[in-house]
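Along the sequence shown, residues are numbered consecutively beginning with 1. A quick note: this is a predicted structure, and the numbers were derived from the prediction, not measured.
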Amino acid sequence: MTILYEDNHLIAVNKTCNEIVQGDKTGDTPLSETVKAYIKLKYNKPGEVFLGVTHRLDRPTSGVVLFARTSKALARLNEMFRDKSEMSVANQQSSIRKTYWAIVQGQPRLSESRLENYLIRNEKQNKSYITKPGTRDAKLAILTYKTLAVGERYSLLEVNLQTGRHHQIRCQLAAIGCPIKGDLKYGAHRSNPDGGICLHARSISLIHPVSRIPLTIEAPVPDDPLWQALCRM
């Protein structure tokens with residue numbers, strides 16, 4: 001486990017594509033429990049360690065995950081993330097910003113663009129689809145991307161979310177003909193050897209929930225030849 005940031009109220013780690021943030025039906029040890037064990041050992045804490053899960057990453061996604069170490073931080077972070085997910089088109093300001101890097105098949109037609117789609121989630125398939133405005137239960141999804149590097153078969157994109165929808169980046173990039181490498185669910189040609197997808201939560205910027213000081217936490221990209229090659233371009 002790689003610790004990216006730590007203070008009395010927050011702790012951030014660099015999640016790998018094989019880890020889950022919270023426990024699920026697989027029974028695998030979640031990242032939250034690993035972090036608790038780390039805190040308990042490092043600070044010699046008796047009894048149960050408090051750790052609040054503030055947001056999640058899909059299991060096949062890597063990158064920054066932020067946890068709260070105090071109830072005060074958890075309450076304020078929950079409010080910040082809720083405000084981001086419910087942000088309206090007219091008021092696209094948020095005190096928290098997540099930036100993702102993605103390796104996608106091919107190259108986008110535009111080197112940078114803003115994507116707006118209505119998404120609907122299929123619970124049984126655990127998959128989101130683009131649909132028409134006005135469709136029942138559909139939610140507006142907005143992101144911007146720019147191309148950072150272009151290789152022979154793949155491109156590296158930087159993605160900034162303006163809304164937080166289920167599988168938003170995966171679905172919207174696939175819709176422009178650029179599925180994320182390894183993401184079979186959204187049209188990738190083949191899986192990755194590690195079972196993950198090439199979507200990485202590169203950084204998170206926020207106003208610290210207690211100190212109110214601006215904070216940016218950045219996660220190094222996976223130690224993978226393709227990631228490293230595209231990042232050097």
Inset, instruction - Show your working on side-chain contact (heavy atoms from CB on, under 4.5 Å) between Y100 and L199 and close with a plain yes or no. - result: CA-CA 7 Å; Y100 291 80; L199 179 61; 4.0 Å; yes
Inset, instruction - Using the side-chain contact (heavy atoms from CB on, under 4.5 Å) rule, take W101 and C231 through it: C-alpha gap first, then chi angles, then the decisive distance, then the call. - result: CA-CA 10 Å; W101 281 9; C231 288; 3.7 Å; yes
Inset, instruction - Show the numbers, then the answer: is there a side-chain contact (heavy atoms from CB on, under 4.5 Å) between I142 and R114? - result: CA-CA 7 Å; I142 304 172; R114 172 187 171 97; 3.7 Å; yes
Inset, instruction - Begin with the C-alpha distance, continue with both residues' side-chain angles, and end with the deciding distance and a verdict on side-chain contact (heavy atoms from CB on, under 4.5 Å) for L119 and K139. - result: CA-CA 5 Å; L119 302 186; K139 295 181 178 180; 5.8 Å; no
Legend entry - Evaluation steps, side chain to side chain donor-acceptor pair (under 3.5 Å), between T144 and Q162: CA-CA 8 Å; T144 59; Q162 295 188 21; 4.6 Å; no
Inset, instruction - Just do the side chain to side chain donor-acceptor pair (under 3.5 Å) check on R153 and Q105 with the steps written out, would you? - result: CA-CA 6 Å; R153 293 187 295 163; Q105 290 178 191; over 6 Å; no
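For R69 and Y43, the positive end sits near the middle of the six-membered ring, less than 6.0 Å away and at most 45° from its axis.
Separating the CD atom in Q107 from the CG atom in L157 is a distance of 9.5 Å, to the nearest 0.5 Å. In this structure, CG on L51 lies 13.0 Å from NZ on K40, to the nearest 0.5 angstrom.
Considering all non-hydrogen atoms of both residues, I20 and D28 come closest at CD1-O, 3.5 Å. Here the closest non-hydrogen pair linking A68 and L77 is CB-CD1, 4.2 Å.
In this structure, the ring of Y186 has its center less than 6.0 angstrom from the ring center of H167.
The 12-atom threshold is exceeded at CZ of R212, counting heavy atoms of other residues, nucleotides or ligands nearer than 6.0 Å. Counting heavy atoms of neighbouring residues, nucleotides and ligands inside a 6.0 Å radius, atom CG of D223 does not exceed 12 of them.
Checked by atom type, the side-chain pair Q168/T163 shows a donor-acceptor distance below 3.5 Å. Side chains of T16 and N18: no donor on one and acceptor on the other come within 3.5 Å.
Look at E6 and K42 and you find a salt bridge, because one of the NZ, NE, NH1 or NH2 atoms lies within 4.0 Å of a carboxylate O, short of that distance. Classification of R76 and E79 as a salt-bridged pair fails, no side-chain N sitting under 4.0 Å from a carboxylate O. A salt bridge between R59 and E19 is absent, with no side-chain N of the basic residue lying under 4.0 Å from a carboxylate O of the acidic one. Here E48 pairs with K36 in a salt bridge; the nearest charged N to carboxylate O distance falls below 4.0 Å.
Classification of the H208-Y5 ring pair by plane angle, with boundaries at 30° and 60°, yields perpendicular.
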